[in-house]
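Just below is one structure, and these are the notes that go with it.
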Amino acid sequence: MDSAYFGRRYMLSASHRLHSDSLSDEANRVTYGKCNNPHGHGHNYVIEVLVGGLVDLDTGMVINMSTLDEVVQKSVLERFDHTNLNFDPLFLNQVPTTENLCRTVYKVLTGALPAGRLEYVRVEETENNFFQFYGG
Ligand code: NI
């Protein structure tokens with residue numbers, strides 16, 4: 001049987017402030033510029049999830065879309081949508097850059113989906129910036 005990939009996009013609105021406890025206040029301002037503003041700012045992220053695997057003989061599908069939607073809804077959107085990422089326990093020890101959001105979403109999802117099925121998570125932060133994480 002052939003394998004194939006199924007990708008789906010989700011919207012996630014959240015705010016963050018880029019600030020590293022490992023850097024001085026001055027180094028934070030230099031490194032992150034206006035993203036270090038104490039009041040933070042928001043993004044309408046697009047989270048793209050790609051799942052791979054064998055096309056099921058009976059259903060003709062790689063994964064049921066409603067199964068994926070449910071997993072993403074429960075483990076990612078309910079957790080992060082309309083929140084300040086800095087306050088989530090998963091970001092207490094890492095700067096909520098979009099690189100780290102991408103890695104974190106991957107880790108949360110890979111634990112909630114059938115083993116070995118998540119290929120990558122891509123996060124679009126703006127029209128011009130995107131990040132991808134393929135796991136370990
Ligand atoms: Ni930002």
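- Note: the hydrophobic cluster containing Val72 does not contain Tyr134 (ILVMFWY, side chain heavy atoms under 4.5 Å, direct or indirect links).
- How far CZ of Arg29 is from CG of Asn37: 11.5 Å, rounded to the nearest 0.5 Å.
- No continuous path of ILVMFWY side-chain contacts below 4.5 Å connects Leu101 to Val95, so the two sit in separate hydrophobic clusters.
- Pairs engaging residues 90-112 under the salt bridge (charged side-chain N to carboxylate O under 4.0 Å, His left out) rule: none recorded [sequence neighbours left out].
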Exercise for the section: Could you walk me through whether Asn28 and Ser20 pass the side-chain contact (heavy atoms from CB on, under 4.5 Å) test, one step at a time? Expected result: CA-CA 7 Å; Asn28 268 293; Ser20 171; 3.9 Å; yes

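- Gln73 contributes atom CD, which lies 8.0 Å from atom CG of Asp81 (distance to the nearest 0.5 angstrom).
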Practice task
Would you sort out whether Leu68 and Phe6 count as a side-chain contact (heavy atoms from CB on, under 4.5 Å), showing the intermediate values?
Solution key: CA-CA 10 Å; Leu68 182 62; Phe6 175 69; 3.9 Å; yes

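- For the residue pair Asn86 and Pro96, the shortest heavy atom distance occurs at ND2-CG, 3.5 Å.
- Between Val71 and Ser75, the shortest heavy-atom contact is O-OG, 2.6 Å.
- Residues that satisfy the salt bridge (Lys or Arg N to Asp or Glu O under 4.0 Å) test with Glu78, not counting sequence neighbours, are absent from this structure.
- Annotation for Ile47 and Val105: closest pair CG2-CG1, 4.1 Å, computed over non-hydrogen atoms.
- Under the side-chain hydrogen bond (donor to acceptor under 3.5 Å, both in side chains) criterion, Asp69 pairs with Arg8, Tyr10, sequence neighbours left out.
- Under the 4.5 Å side-chain heavy-atom criterion for grouping Ile, Leu, Val, Met, Phe, Trp and Tyr, Phe130 is not connected to Val49 through any hydrophobic cluster.
- Ser24 meets the side-chain hydrogen bond (donor to acceptor under 3.5 Å, both in side chains) test with no other residue; sequence neighbours excluded.
- Counting only residues at least two apart or in different chains, ring pair (Phe, Tyr, Trp, His ring centres under 6.0 Å) contacts with residues 31-55 comprise His16-His41, His16-His43, His41-His43, His43-Tyr45.
- Here the closest non-hydrogen pair linking Gly53 and Val62 is N-CG1, 3.8 Å.
- For Ser13, the side-chain hydrogen bond (donor to acceptor under 3.5 Å, both in side chains) test picks out Asn44, with sequence neighbours left out.
- When every heavy atom of Val76 is checked against every heavy atom of Val108, the shortest pair comes out as CG2-CG1, 4.3 Å.
- In this structure, Asn100 contributes its side chain and Gln94 its backbone to no donor-acceptor pair below 3.5 Å.
- Listed by first and then second residue, the ring pair (Phe, Tyr, Trp, His ring centres under 6.0 Å) pairs involving residues 62-106 are Tyr106-Phe133 (not counting sequence neighbours).
- Note that the OH atom of Tyr5 and the CG atom of Leu50 stand 7.5 Å from one another [nearest 0.5 Å].
- Pairs passing the side chain to side chain donor-acceptor pair (under 3.5 Å) check and including a residue from residues 115-126, sequence neighbours excluded, read Arg9-Glu124, Glu48-Tyr120, Thr98-Glu125, Arg122-Glu124, Arg122-Gln132, Glu125-Asn129.
- We find the CG-CG distance between Leu113 and Leu118 to be 6.0 Å, quoted to the nearest 0.5 Å.
- For the residue pair Asn36 and Asp25, the shortest heavy atom distance occurs at OD1-O, 4.5 Å.
- A salt bridge (charged side-chain N to carboxylate O under 4.0 Å, His left out) check over residues 85-98, counting only residues at least two apart or in different chains, returns the pairs Arg79-Asp88.
- Residue Met11 shares its hydrophobic cluster (ILVMFWY side chains chained together at separations under 4.5 Å) with Val46.
- Note on Met65: it clusters hydrophobically with Val51, by side-chain heavy-atom contacts below 4.5 Å among ILVMFWY residues.
- Applying the 4.5 Å side-chain rule to ILVMFWY residues, one finds that Phe131 remains a lone member of its cluster.
- Residue pairs meeting the salt bridge (charged side-chain N to carboxylate O under 4.0 Å, His left out) criterion with at least one partner in residues 126-136, sequence neighbours excluded, do not occur; the list is empty.
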